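Report on one structure; see the data block that follows.
A, B, ... follow the sequence lines: proteins, then strands. Residue 1 opens every chain. The structure presented is a predicted model; accordingly, all values stated were derived computationally and were not measured.
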Amino acid sequence: MTEQGGRWTAEQVLALAPDDASRKAGGRLGGAGPWSQIGGSASGSVWGLCKGSGSTPYRTVVDLAGPAYKCSCPSRKFPCKHALGLLLLWSAEGAGEPGEPPQWAAQWLAERAAKAARPAAPAGRPVDEEGARRRAERRAARIGAGVTELEQRLADLLRGGLAGQEQAGYAGWEETAARMVDAQAPGLAGRVRELGTIPSCGPGWPARMLEEAALLHLLDRAWLGVSALPAELAATVRGRVGLPVSGEGEAVRDRWLVLAQYDSVSPDGRLTTRRIWLRGLGSGRPALVLDFGPPGRAPGLALPVGLVLEAEVRFRPGSAGLRGDLGERSTAAVPGAEVPVGVSTGAALEAYGAALREDPWLESWPVVLGAVIPIPGELGWQLADAEGRSALPVPVTGAGSRSRGGLWQLAALSGGGPVTVFGECGHRGFTPLTAWQPGSPEAVPLA
Amino acid sequence: MGKDVEQYGDWEELVGAALLGTDRRRGGGPAGSPEALLDAAAVHTVRRRAGLRPAQARPLPAPAPRDPRPAPPAAARQRLAQLLAGRTGAGGGGRRGAAPDLTELLPQWLAAAGRHGYRSPAALVPALLDAARARTDLRPQALALAGPRGLWLARLNPDWRFALRGGAGGSGELPDVTDRAGVERLWQEGLFAERVALLGAVRAHEAAAAVRLLATTWATERAEDRLMFLDSLRVGLSEGDEPFLEAALGDRSRNVRATAAELLSALPGSALATRMAERAVACVGPEGVNPPAECDAGMLRDGVVRNPPAGRGERAWWLGQLVESAPLSCWRERFGGLGPAEIVALPVAEGDSWREELHAAWCRAAVRQRDAGWSRALLGAASSPPAAGPGTASLAERAKLLETLPDGERAEWVAQFIRAHGLSEAFQLLGVCVVPWAGALGRAVVDALDSAREAGSYPWSFSGVMGLAERCLDPAEAGRLEAAAAGVEEPGDSAGGAAAYWAEAFQRLVATLRLREAMLTELTPT
């Protein structure tokens, strides 16, 4: 482990915690008190013994490349509080000179190394191609029927006029959404549910409702003609409707800077979606890595903001080339050494506009804004170019907005001066996710 | 969709048509099916989104004033982030286990950072303001650390308006005390709290200037405000303040008169103190105690309150007030050259009820005049039984007397008290000792905890002292404590449960001390 600049910040460590309780418990174990025999290897692992209430101390080891964790404690949380505490201690004090792991840690590390070296496991069973084809055809037919029904519903909406929607209530759309779920088109179901919420979301709702209805109609039409579309656009349409995107896109090996990581919970509370934004330091390419967690469990993948990891990202077809899957990582992640280069507010909107050509349903595009000044205000916040001429609004309510706490953190970092900000730029405005204070490469995730 | 799109000119027209519904537009206006309307709207929507331009920026906020203080080292910044994050939801009920309580360390972190002259890391200023909002005890230090950046933010967010009042941190808000026009203007126009802060600042710079400032508006101030302003003269009280205070003895408000008298009596050379001494020595002497028979006009003017609270006799009430306001120096002569300890030990008025009144009044006088000699005499030996103190048996009064003793002597007295009487009554006394506790005091506390364990008590009977110890023990004691914790682990048969709890309590204490040590080391500039 390179001790200079190689350690993570406490914040980056705490970002790995599966929940608040672990974060607190880990924080309490982040002092030298209960720990002994702490060490680390040159290849990027840390280990230590943590005294608990029992007579034998827990054996905790972390592979920083994963990051992956192993602990002899009975906790089923992942990483457990001991792993978090060990990482916090390491982030504050380091692990001394690199050395050889003790036997109990070495064994696990060796197993991991062996697994990483093995080629991906071949499919267990021979693929039943004929069966798969028939299943896909059946599903396509069901979606087709759902799409036709939805078109009918949208036509009825426009025939009767949007004006009645304020009184019509949400139930009708909820029912249509359920029909889309039956039709195995979860993407359509989600959009329909959104549509139902618009009449209650304040002034300007008719225009927003028309926009969403029109884009839904566009998606229906695209699905009905999907076989005639170019391959990339067809993949986008399938993905938007809710089919799992299959097939391999481009694979890009690069040093990836973790720009942001945040979770959102589905309306029914059953699924946690974790979004991780990456930027290739060599290619400049953005990537969105998604991971999911079932009820009560955090998604397994956690990449602390501000770290740089060398890895291959395999992009999926469609969705403006944004979705990627993280492949094998070759070295331990290290903190980024410089502030990413940002663009102006105008260029940010242009980037979003350009991406719409590939995916007209895109809500936003990842952008680093350089030298912008946050302007707090009762009526809404803005991010203005440093000269104070043009600005992007910050959405404060509804989809894509973030907590006020994060905005105030951004204002505090700026102090009325220019800062570099990463966020999602779309038709609702710019949602800040991470900021860099002037003169420091340290990324500050906004709460 | 091309042809249908052309039927609709602009977006507004589309929205209008959609609101009304295509059924109702037939025959007039642009004709079209619902599908044609949706086609057109889809094209417009994507076109509108793709062609978005930035908005006109609103006026930029004025930049925050520069804070020349250094930021704390990286490890300390992370510690602060952790302490602030742990602030909410900590505590609660139930057993705390062996892990240290981070919440209680925040005040120490803030105090230590203040001593080093650091500013808050910018990203943590909002959390710091939130903490200061929730906990008034943290406010002065949190606001001082947040500095000009904190005040700048507070002006933008109504939730943090409290930071602009109070003037606790004060940085950047008050005019320079040498800026006469600025001081004058704020004194005339400022909010009450700003004026109190201003008075304090001016007084710290030049005591007499504060009194002069006060005199300019004194006659027009409200009685409550006069009382508060007068109270702020406590700090740095000197003979120079006497004329002003003497004049305030004639104030319309009884509370103002009483406070002026109290302040004057803390000036042993003042005319009031001399008058009080005359009255007091007339009542008390080697021959016995003879309390005043009436409360005359002179006594009233000098701040004596005529009517006693319910349940107390008039004469004892007047006696107490005279003695408490008389300079303690007057008693040596009255008692033929005896020192405080000898005077306190005299069988004055033995047998009648005045003795208690007299000693209580002497205690109040010793505290008010910060007289260590008299305090020492009134406290007596720490090892004598708590109920038999020469001056007072009240722990609250003893704590106040202790505060007048030098730091080392104070710690020594409390250490002896604990050795003799254990911990159950020591809580208030410990509270006035200087942090970190001196070696002897710390050892006495640890030994007493260990004895309590041996005696079979449960640690939560001492949770108050435990909590204090976490905050106040010198981290150097961690080693001794660890030994004590190790001694606990042999499995006791009867008190098996208690032993485990003690082990846990000691471990937590050790962990907290280690954490405090690490915390303070992290704050040391590299």
Heavy atoms only: give me the nearest [X]-[Y] pair and the separation to one decimal.
| X | Y | answer |
| --- | --- | --- |
| A:Gln409 | B:Ala123 | CG-O, 3.3 Å |
| B:Val46 | A:Leu218 | CG2-CD2, 4.3 Å |
| B:Ala50 | A:Leu356 | N-CD1, 3.5 Å |
| B:Ala57 | A:Ala384 | CB-CB, 3.8 Å |
| B:Trp11 | A:Ala207 | CZ2-O, 3.7 Å |
| B:Arg53 | A:Leu349 | C-CD1, 3.4 Å |

Below 4.5 Å from any heavy atom of chain B, which atoms of [X] appear? Answer side chain, backbone, both or neither.
| X | answer |
| --- | --- |
| A:Ala386 | backbone |
| A:Trp381 | backbone |
| A:Leu88 | side chain |
| A:Gln437 | side chain |
| A:Glu442 | side chain |

- Query: Considering only heavy atoms, which portion of B:Pro59 lies under 4.5 Å from any heavy atom of chain A: side chain, backbone, both, or neither?
  - Reply: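 The answer is the backbone of B:Pro59.
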- Query: Side chain, backbone, both or neither: which part of B:Val510 has a non-hydrogen atom closer than 4.5 Å to chain A?
  - Reply: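 The answer is neither part of B:Val510.
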- Task: Tell me, please, which residues at least two apart from B:Arg119 pass side chain to side chain donor-acceptor pair (under 3.5 Å).
- Result: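 With sequence neighbours excluded, B:Arg119 shows a side chain to side chain donor-acceptor pair (under 3.5 Å) to no residue whatsoever.
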- Item | A:Glu211: partners by side chain to side chain donor-acceptor pair (under 3.5 Å), with sequence neighbours left out |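 Checked A:Glu211 against side chain to side chain donor-acceptor pair (under 3.5 Å); matches are B:Arg48, B:Arg49.
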Point-to-point distance, once rounded to the nearest 0.5 Å, from [atom1] of [X] to [atom2] of [Y]:
| X | Y | atom1 | atom2 | value |
| --- | --- | --- | --- | --- |
| B:Leu19 | A:Leu162 | CG | CG | 5.5 Å |
| B:Asn157 | A:Leu407 | CG | CG | 11.0 Å |
| A:His217 | B:Leu37 | NE2 | CG | 9.0 Å |
| B:Gln56 | A:Ser390 | CD | OG | 8.5 Å |
| B:Leu38 | A:Leu216 | CG | CG | 9.0 Å |
| B:Thr45 | A:Leu215 | OG1 | CG | 5.0 Å |

- Query: With a 4.5 Å limit on heavy-atom distance, are the side chains of A:Ile375 and B:Pro61 in contact?
  - Reply: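 Yes; the side chains approach each other to less than 4.5 Å.
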- Query: How about B:Leu129 and A:Trp408: do any of their side-chain heavy atoms sit closer than 4.5 Å?
  - Reply: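 A side-chain contact under 4.5 Å is absent here.
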- Item | Side-chain donor/acceptor of A:Gln382 to backbone N/O of B:Arg58, under 3.5 Å |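 Side chain of A:Gln382 to backbone of B:Arg58: a pair is present.
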- Item | Side chain B:Arg149, main chain A:Ala412, donor-acceptor under 3.5 Å |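 Yes; at least one donor-acceptor contact below 3.5 Å.
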Most heavy-atom pairs under 4.5 angstrom with chain A, which of [options]?
| options | value |
| --- | --- |
| B:Ala64, B:Pro54, B:Ala74, B:Gly150 | B:Pro54 |
| B:Leu156, B:Leu124, B:Leu513 | B:Leu156 |
| B:Ala75, B:Ala55, B:Ala41 | B:Ala55 |

- Task: Using a cut-off of under 4.5 Å on heavy-atom pairs, state which of A:Gly415, A:Ala214, A:Ala348, A:Ser344 scores highest against chain B.
- Result: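 Of the candidates given, the most pairs with chain B belong to A:Gly415.
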